[in-house]
Structure formats: C-alpha cells, structure tokens
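Please read all numbers here as calculations on a predicted model, not as lab measurements.
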Amino acid sequence: MESPHGAAVSAEDFGLEGPRGRVFQSVTFSAEPGELVAIEGPSGSGRTCLLLALTGRMRTTEGHAETGGLRLPKQAAAVRRIAALGPVPGVSELDPAFTVAEHLGERALLQGRYGSPLRALLRPRAERRAAAEARVDEALEAAGLDPGTLPKSGRTSVRDLERLEALRLSVALALIGRPRLLAVDDTDLKLSDAEREQAWALLRSVADAGTTVLAVCSEAPGNVQVVRTAPAGAEAGAGEPVAAPADDEADVREPATEKPAVEEPTTEEETADAFAEARRA
C-alpha cells in the first residue's frame, strides 16, 4: 500500500472580501508536505473561510495560494480532488441519525464508485469489497477509532458519540480517500484539556504519516506552525497574518467577488444573511 504524500501549502497576501465586508486578509505563510498547521483565532475571525479557501472550496478575491503545487483560486477544482474535509459545520458534518457503520459504509461506497480509477472498477466484486474494507480499517486505525469499543459497536448512532469520538470518526471518513491534505474545523471545540491533547496527538499522527493537516482552533499547541486570524482593528504581531471578522461558520462555497461598500455583520442574524447572499451570488 502506498503511503500518502502530503501537499505543500502556501499563501501570499491571500484575502477575501464578501458581500458584507472583509472575511480575511493579508494571509502569508508556507507549509511543507506532511506538516501540521493550526489556523488560530477567535470565532468570527475568518478561520473557517480561510480553511475552505485553502482546500479549493471558497473563491477568494485577493492574493494567491498554492496547495499541492496547484494555484488558487484558478485550480480550485483540482485542489478539491486532493484535499479532504474533516468536520466543518454546515459544510461537512456527520448525520446524527446515522450509525458509525452506516457512515463508513456510505463513504467507502462513494470512494469506490467515484474516487477510484476506472481499472479498479473493473476488478471482481469480491476484490473490490476486500479493498474497500482494507481502506476503512486503515482509516479507522489512523484516526484511533475502534468501533468495537463503542456502546453498540458499529451500530452506535452518531448522536451517542462523545465529542472526541465524533472527531475521530470524521477524520477516519476523510482519510478513506487517502487525501494529500486534511482540513479540520473547530478542533478544540467543547473538549476538555485532556481531550484536546488527544485531538492534537491524533492530527500530529496523521501529519507524521505523510498527510498535510490544516486545523482550525481557538488555541494552538506549542509544537505546530500557527497561522493567526484576528478581529478587525486588531494589530498583528510581527509576521502574523491578519483576517477581518466575517462569516466563517456557515456553508458557503463560492462567495461573491464583488466588493460592495456594506458594513460588516455585527450580529448572528446579519452573519447568516451575509452567507446566504454569498451563496446565491
């Protein structure tokens, strides 16, 4: 089995301005293949939008970035083929009504049907089934999730998972496709200190195995490269990229490239409106 080869990621003066104002701006950094990068900042500071932009799922308006040697936003479709999303609220989420086994089975089926080369589809059914099971087992091991330890094993519903278990399942689902880049949102949300350490240890192990990892968080650990975002008006420290506040928590794939002179959202309701406008644009 081939080991995953991580994708180098870089950005220079990378920025996005949407219908309600600036989302993030002046982001400059570079990461080597197989590196773990934390996108750190308070909620509403553009963290998720930056994550989606670097994985080819959000069109930016300023500067440029490269993921795996593919230039963004021009080659966003190609970037999406090598980058997988872990948990991202409103974009890539677990279905609480599904069981763990159902999620894994569905992802393996989709990967086998749409993510495999044509020659793989021509193999005997038994061989394809064995390959799919091997991928699932490999992904579960990499994510540190053993369904046998769950209350109802694979029949455990997502709604019954602990937060860290749900994170591990989301990472496992993303790794089934053997991506070169893994993107995870809200890495440290609702985790205890001990669970937070386990979450970062998980992402570190994925990076050490060769897959580049981008992880959004409120507070990064001390052993990773940090890309910081900050509220508008905040002064950045030396070498820290700055992002203005905006709508980083909603499901937006293609924000408008126009730059209307509209004030930035200041309430949750206005933020939701801004993302709805961006999605329609």
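Residues Ile176 and Phe98 are members of separate hydrophobic clusters, defined by side-chain heavy-atom contacts under 4.5 angstrom among Ile, Leu, Val, Met, Phe, Trp and Tyr. Hydrophobic clustering of Ile, Leu, Val, Met, Phe, Trp and Tyr side chains at less than 4.5 Å, counting indirect connections, unites Val136 with Leu94. When hydrophobic clusters are built by joining Ile, Leu, Val, Met, Phe, Trp and Tyr residues whose side-chain heavy atoms come closer than 4.5 Å, directly or via intermediates, Leu173 is not grouped with Val184. Note on Leu85 and Leu54: same hydrophobic cluster, where clusters join Ile, Leu, Val, Met, Phe, Trp and Tyr whose side-chain heavy atoms are under 4.5 Å apart, directly or indirectly. Under the 4.5 Å side-chain contact rule for hydrophobic residues, Leu140 and Val213 do not share a cluster.
Contact check for Leu202 versus Val171: side-chain heavy atoms found under the 4.5 Å cut-off. Residues Leu181 and Leu214 have side chains in contact (heavy-atom distance under 4.5 Å, counting atoms from C-beta outward). With contacts defined as side-chain heavy-atom distances shorter than 4.5 Å, the pair Glu40/Val227 does not qualify. At least one side-chain heavy atom of Leu167 sits under 4.5 Å from a side-chain heavy atom of Pro87. Residues Arg204 and Val224 meet the side-chain proximity criterion, which asks for heavy atoms closer than 4.5 Å. Proximity of Leu50 to Leu16: side-chain heavy atoms (C-beta onward) are nowhere separated by under 4.5 Å. Considering only heavy atoms from C-beta on, Leu169 comes within 4.5 Å of Leu104 through its side chain. Side-chain contact between Asp186 and Pro89: present, with at least one pair of heavy atoms (C-beta onward) separated by less than 4.5 Å.
Contact between Ala53 and Phe24 at its shortest, heavy atoms only, is CB-CZ, 4.0 Å. Minimum heavy-atom separation, Ala220 to Ala38: CB-CB, 3.6 Å. The shortest non-hydrogen separation linking Ala183 to Leu51 is CB-CD1, 3.7 Å. Heavy atoms only, all atoms of each residue included: Ala142 and Ser205 are closest at O-OG, 4.0 Å. Residues Ala132 and Ala108 approach most closely at CB-CB, 4.4 Å, considering heavy atoms. The two residues Thr212 and Gly34 make their nearest non-hydrogen contact at OG1-N, 2.9 Å.
Sequence neighbours left out, not one pair with a member in residues 148-166 passes side-chain hydrogen bond (donor to acceptor under 3.5 Å, both in side chains).
Separation of atoms CZ (Arg59) and CG (Leu52) is listed at 14.0 Å; rounding is to 0.5 Å. Separation of atoms CD1 (Ile39) and CZ (Arg228) is listed at 12.5 Å; rounding is to 0.5 Å. Atom CG of Leu161 sits about 12.0 Å away from atom CZ of Arg168, to the nearest 0.5 Å. Between the OG atom of Ser10 and the CZ atom of Arg71 there is a distance of 9.0 Å, given to the nearest 0.5 Å.
Between the side chain of Thr28 and the main chain of Asp13, a donor-acceptor pair closer than 3.5 Å is present. Under a 3.5 Å cut-off, the side chain of Ser192 and the backbone N or O of Glu195 do form a donor-acceptor pair. Without hydrogens or angle criteria, Arg22 side chain to Glu17 main chain gives no donor-acceptor distance under 3.5 Å. The backbone N or O of Asp95 sits less than 3.5 Å from a side-chain atom of His103, completing a donor-acceptor pair. The closest donor-acceptor contact from the side chain of Thr55 to the backbone of Ala83 lies at 3.5 Å or more, if one exists at all. Using modelled atom types, no side-chain atom of Asp185 and backbone atom of Thr48 make a donor-acceptor pair closer than 3.5 Å. With Thr211 contributing its side chain and Ala207 its backbone, the two residues share no donor-acceptor pair below 3.5 Å. Not a single donor-acceptor pair under 3.5 Å links the side chain of Gln111 to the backbone N or O of Arg107. At least one donor-acceptor pair under 3.5 Å links the side chain of Glu93 to the backbone N or O of Gly90. Of the possible polar contacts, none joining the Arg47 side chain to the Val216 backbone as a donor-acceptor pair under 3.5 Å is found.
Defined by atom type and a distance below 3.5 Å, a donor-acceptor pair is present between the side-chain atoms of Thr229 and Ser45.
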Practice prompt. Decide yes or no on side-chain contact (heavy atoms from CB on, under 4.5 Å) for Glu12 and Phe29, but give the supporting numbers first.
Written response: CA-CA 7 Å; Glu12 183 175 351; Phe29 77 99; over 6 Å; no
Worksheet item: Going through the checks in order, is the side-chain contact (heavy atoms from CB on, under 4.5 Å) test met by Leu70 and Ile82?
Response: CA-CA 10 Å; Leu70 301 167; Ile82 66 170; 4.1 Å; yes
Worksheet item: Please walk me through it: do Arg178 and Arg135 pass side-chain contact (heavy atoms from CB on, under 4.5 Å)?
Response: CA-CA 9 Å; Arg178 296 174 183 164; Arg135 276 190 179 237; 3.6 Å; yes
Fill in: Verdict with reasoning, Val9 to Ser30, per side-chain contact (heavy atoms from CB on, under 4.5 Å)
CA-CA 6 Å; Val9 182; Ser30 63; over 6 Å; no
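The number of heavy-atom neighbours closer than 6.0 Å to CD of Glu219, taken from other residues, nucleotides and ligands shown, is 12 or below.
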